[in-house]
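Some notes on the structure that comes next.
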Amino acid sequence: RIVYGLSGLFALDSLGSGFFVQSLLALWLYNTFDLSLATTAAILFWAGLCSAVSYLVAVPLAARIGLINTMVFTHLPSSLMVMALPFAPNLAVAIALLLARAALSNMDVPTRNSYVMAVVTPAERPAAASMTATAKSLATAAGPALAGWLMTASAFAWPLLIGGALKATYDLLLLWRFQRVKPPEEQ
């Protein structure tokens, strides 16, 4: 039951992520700020580095505040930053939001994997990993198609707003549903 609930929530998060995959984000940056591909690539490079560092920061943070709290309290601000992007008044603010988001957005990945493995029995771990990964992959596939349609239907950055809202909803539901389901090392 826990794995089904987590799989559904992880799918919601991945659907939200699919609304602003890097290619669509690059297109939005180009359309909004008339950026060159080289500048866009440089921004995405630095965002990727910030994201990689966030994996490392997640470990000591999770040891201090717990796995679920690390997932939610780093991911929710990053989701809100995505939602703020369409309202960025200039390129500098947009870049700051993107880099800050990247520095927070992936702290939930190692903690999520650790949490799933901790709350199921050892015999259930392969199935839990498979089910949660499959749900995430299927949901991620739908996002770009919906985002592409939205980008052709309107000049406004609806994919960023909707994707961020889906991810924020995931964060709040995860906190509400699983805050009291503690892994053994947190009990």
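The heavy-atom pair separating Thr132 from Ser7 by the smallest distance is CG2-OG, 3.4 Å. Shown here for Val21 and Pro144, the closest heavy-atom pair between the two residues is CG1-CG, 4.1 Å.
Taking 4.5 Å as the limit, every side-chain heavy atom of Val119 sits out of range of all side-chain heavy atoms of Phe178. Here the side chains of Leu76 and Leu175 are not in contact, with every heavy-atom distance at 4.5 Å or above. Counting heavy atoms from C-beta outward, Leu67 and Thr70 have side chains that stay 4.5 Å or more apart. Between Glu124 and Val3, every side-chain heavy-atom pair lies at or beyond the 4.5 Å cut-off. Under the 4.5 Å side-chain criterion, counting only non-hydrogen atoms from C-beta, Tyr55 is not in contact with Met107. With a 4.5 Å cut-off on side-chain heavy atoms, Leu91 and Thr32 do not count as touching. The shortest distance between side-chain heavy atoms of Ile43 and Leu35 falls below 4.5 Å.
Rounding to the nearest 0.5 angstrom, the gap separating the OG atom in Ser51 from the CZ atom in Arg101 is 8.0 Å. For the atom pair Thr40 OG1 and Leu44 CG, the distance stands at 6.5 Å (nearest 0.5 Å). How far CZ of Arg177 is from CG of Leu6: 8.0 Å, rounded to the nearest 0.5 Å. Between the OG atom of Ser105 and the CG atom of Leu98 there is a distance of 10.0 Å, given to the nearest 0.5 Å. Rounded to the nearest 0.5 angstrom, Met83 CE and Leu80 CG are separated by 6.5 Å.
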Donor-acceptor list for residues 8-20 side chains, cut-off 3.5 Å, not counting sequence neighbours:
residue: Asp13; atom: OD1; partner: His75; partner atom: NE2; Å: 3.4
residue: Asp13; atom: OD1; partner: Lys167; partner atom: NZ; Å: 2.5
residue: Asp13; atom: OD2; partner: Arg112; partner atom: NH1; Å: 3.2
residue: Ser14; atom: OG; partner: Phe10; partner atom: O; Å: 3.2
residue: Ser14; atom: OG; partner: Lys136; partner atom: NZ; Å: 3.1
residue: Ser17; atom: OG; partner: Asp13; partner atom: O; Å: 3.3
residue: Ser17; atom: OG; partner: Lys167; partner atom: NZ; Å: 2.6

With a cut-off of 3.5 Å and sequence neighbours excluded, list every side-chain donor-acceptor pair involving residues 146-161.
residue: Thr152; atom: OG1; partner: Gly148; partner atom: O; Å: 3.4
residue: Thr152; atom: OG1; partner: Trp149; partner atom: O; Å: 2.8
residue: Ser154; atom: OG; partner: Phe156; partner atom: N; Å: 3.1
residue: Ser154; atom: OG; partner: Trp158; partner atom: NE1; Å: 3.4

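No continuous path of hydrophobic side-chain contacts links Leu56 to Phe73 [ILVMFWY only; heavy atoms under 4.5 Å]. Put simply, Leu25 and Phe45 are part of the same group of oily side chains (I, L, V, M, F, W, Y) that touch within less than 4.5 Å, one to the next. By the rule that hydrophobic residues join a cluster once side-chain heavy atoms approach within less than 4.5 Å of another member, Val57 and Trp46 end up as members of one cluster. Residue Val53 is grouped with residue Leu99 when hydrophobic side chains (ILVMFWY) are merged at heavy-atom distances under 4.5 angstrom, including chains of intermediate members. Side-chain heavy atoms closer than 4.5 Å link hydrophobic residues (I, L, V, M, F, W, Y) into clusters, and following such links, even through other members, never connects Leu85 to Tyr30.
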Evaluate the side-chain hydrogen bond (donor to acceptor under 3.5 Å, both in side chains) criterion for residues Asn106 and Ser54: first the C-alpha distance (whole Å), next the side-chain angles of each, then the deciding distance (0.1 Å), finally the verdict. CA-CA 6 Å; Asn106 281 329; Ser54 77; 5.0 Å; no
Chi angles and distances behind the side-chain hydrogen bond (donor to acceptor under 3.5 Å, both in side chains) call for Ser137, Thr140: CA-CA 5 Å; Ser137 294; Thr140 300; over 6 Å; no
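Without hydrogens or angle criteria, Gln179 side chain to Ile68 main chain gives no donor-acceptor distance under 3.5 Å.
The 12-atom threshold is not exceeded at OH of Tyr4, counting heavy atoms of other residues, nucleotides or ligands nearer than 6.0 Å.
For Phe33, the ring-ring contact (aromatic ring centres under 6.0 Å, His included) partners are Trp28, not counting sequence neighbours.
When only modelled atom types and interatomic distance are considered, Ser114 and Thr111 share no side-chain donor-acceptor pair under 3.5 Å. When only modelled atom types and interatomic distance are considered, Ser79 and Asp171 share a side-chain donor-acceptor pair under 3.5 Å.
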